[in-house]
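Report on one structure; see the data block that follows.
In this text the structure is predicted, and so the values were computed from the model without any measurement.
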Amino acid sequence: MTYQLLKMLHVAAVVAWLGGSLFVSLFLLSSQPQEGGQAPKESRMLGALRRWTLYVTTPAMVLAWLVGLHLAVTFGWFIMNWIWVKIAIALALSALLGVQSKALRRMAGGGAQRPPLIDWYAPFTVVAASAIVALVVVKPF
C-alpha cells in the first residue's frame, strides 16, 4: 500500500511540475518583449505565473525528486541502467525550469531580451516526459 501511495505522490508531483513548466514555456513564447513596459493584463499574468512557479511548480519538482529518489533507493533501482537515463532527463527538465524562472524574473524586471532557444522549451518538455514514461513502463535496459 505504501508503494502505491508514494508512486501516486511522485506522479502527481511530476504532473504539477511538468504542467507548470509547459505553461511557462507557452507564456514566454507568446509574450513579446515590448519597449516601455508591458500591457497591464500581461503584467498581471506574469506576476501570477511567477508566484505559481515559486509556490507550486518548483516545490512539485523538489517533491518529485525526493519521492523518486526514495523509491529508487528503497527498491534498488540504481543497479538498472534505465533509471540513470531517467535521472539524466529529469536533470535536464530541472535545469529547464531554472532557465524559465530566470526568464520570468528578467521579464518582470523589464528585460526585453528573448530567452535563448525558447522555441524548443515546450517540445523538449513533451519529448522528455514521453521518454521518461517509456523508460518507466518498458524498462528497456
Side-chain angles (χ1 to χ4, degrees), residues 1-35 37-141:
M1 181 70 159
T2 302
Y3 171 72
Q4 282 90 3
L5 290 174
L6 288 173
K7 188 166 68 169
M8 179 209 59
L9 183 60
H10 179 70
V11 170
V14 168
V15 168
W17 167 21
L18 296 181
S21 184
L22 274 174
F23 193 77
V24 171
S25 295
L26 297 175
F27 177 81
L28 291 172
L29 190 59
S30 66
S31 296
Q32 297 300 320
Q34 300 172 357
E35 296 298 324
Q38 299 170 329
K41 186 175 182 180
E42 185 176 83
S43 181
R44 285 193 313 270
M45 182 65 170
L46 176 60
L49 186 55
R50 286 189 69 212
R51 286 187 303 279
W52 182 266
T53 301
L54 180 63
Y55 296 118
V56 177
T57 306
T58 302
M61 177 189 69
V62 171
L63 183 63
W65 272 105
L66 291 175
V67 174
L69 289 173
H70 173 73
L71 287 169
V73 168
T74 302
F75 294 101
W77 294 337
F78 286 117
I79 62 170
M80 299 176 211
N81 292 329
W82 66 268
I83 193 75
W84 295 105
V85 177
K86 178 185 176 185
I87 287 171
I89 296 169
L91 280 171
L93 287 168
S94 299
L96 177 61
L97 183 60
V99 169
Q100 291 170 326
S101 295
K102 181 180 177 181
L104 287 175
R105 280 192 307 276
R106 276 190 179 163
M107 189 180 278
Q113 186 178 0
R114 184 176 165 93
L117 303 172
I118 191 171
D119 295 329
W120 294 99
Y121 292 1
F124 174 75
T125 302
V126 171
V127 170
S130 300
I132 286 175
V133 168
L135 285 167
V136 171
V137 172
V138 177
K139 295 179 180 55
F141 42 86

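- Note that CG of Asp119 and CZ of Arg114 are 4.5 Å apart. Values are rounded to the nearest 0.5 Å.
- Atom OH of Tyr55 has 12 or fewer heavy atoms from other residues, nucleotides or ligands within 6.0 Å.
- Aromatic ring pairs are classed by plane angle as parallel below 30°, tilted from 30° to 60° and perpendicular above 60°; the pair Trp77 and Trp82 is tilted.
- Within the model, atoms CG of Leu9 and CG of Leu5 stand 8.5 Å from one another, a figure rounded to the nearest 0.5 Å.
- In this structure Trp84 satisfies the ring pair (Phe, Tyr, Trp, His ring centres under 6.0 Å) test together with Phe78, sequence neighbours excluded.
- One distance of note links CG of Leu26 with CD1 of Ile118; it measures 9.5 Å at 0.5 Å rounding.
- Residues Leu6 and His70 are in side-chain contact: their nearest non-hydrogen atoms beyond the backbone lie under 4.5 Å apart.
- Side-chain atoms of Leu93 and Ile132, non-hydrogen and from C-beta on, do get closer than 4.5 Å to each other.
- Shortest non-hydrogen contact noted between Leu135 and Lys86 is CD1-N, 3.8 Å.
- Taking the side chain as every heavy atom from C-beta outward, Leu29 and Tyr121 never approach each other to under 4.5 Å.
- Only one option out of Thr125, Leu18, Thr57 pairs with Leu97 in a side chain to side chain contact (heavy atoms under 4.5 Å, CB included); it is Thr57.
- The 12-atom threshold is exceeded at NZ of Lys139, counting heavy atoms of other residues, nucleotides or ligands nearer than 6.0 Å.
- Formation of a donor-acceptor pair under 3.5 Å by the Ser25 side chain with backbone atoms of Ser21 is found in this model.
- The main-chain N or O of Leu28 is never found under 3.5 Å from a side-chain atom of Ser31 such that the two would form a donor-acceptor pair.
- Using a 4.5 Å cut-off on side-chain heavy atoms (C-beta onward), Phe75 and Tyr3 make contact.
- Heavy-atom neighbours of Phe124 CZ from other residues, nucleotides or ligands within 6.0 Å: above the threshold of 12.
- Two residues are said to be in side-chain contact when any heavy atoms from C-beta on lie closer than 4.5 Å; Leu54 and Arg50 fail this criterion.
- Side-chain contact check for Val67 versus Met8: every heavy-atom pair is 4.5 Å or farther apart.
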Verdict with supporting geometry, Val62 and Trp17, side chain to side chain contact (heavy atoms under 4.5 Å, CB included): CA-CA 9 Å; Val62 171; Trp17 167 21; over 6 Å; no
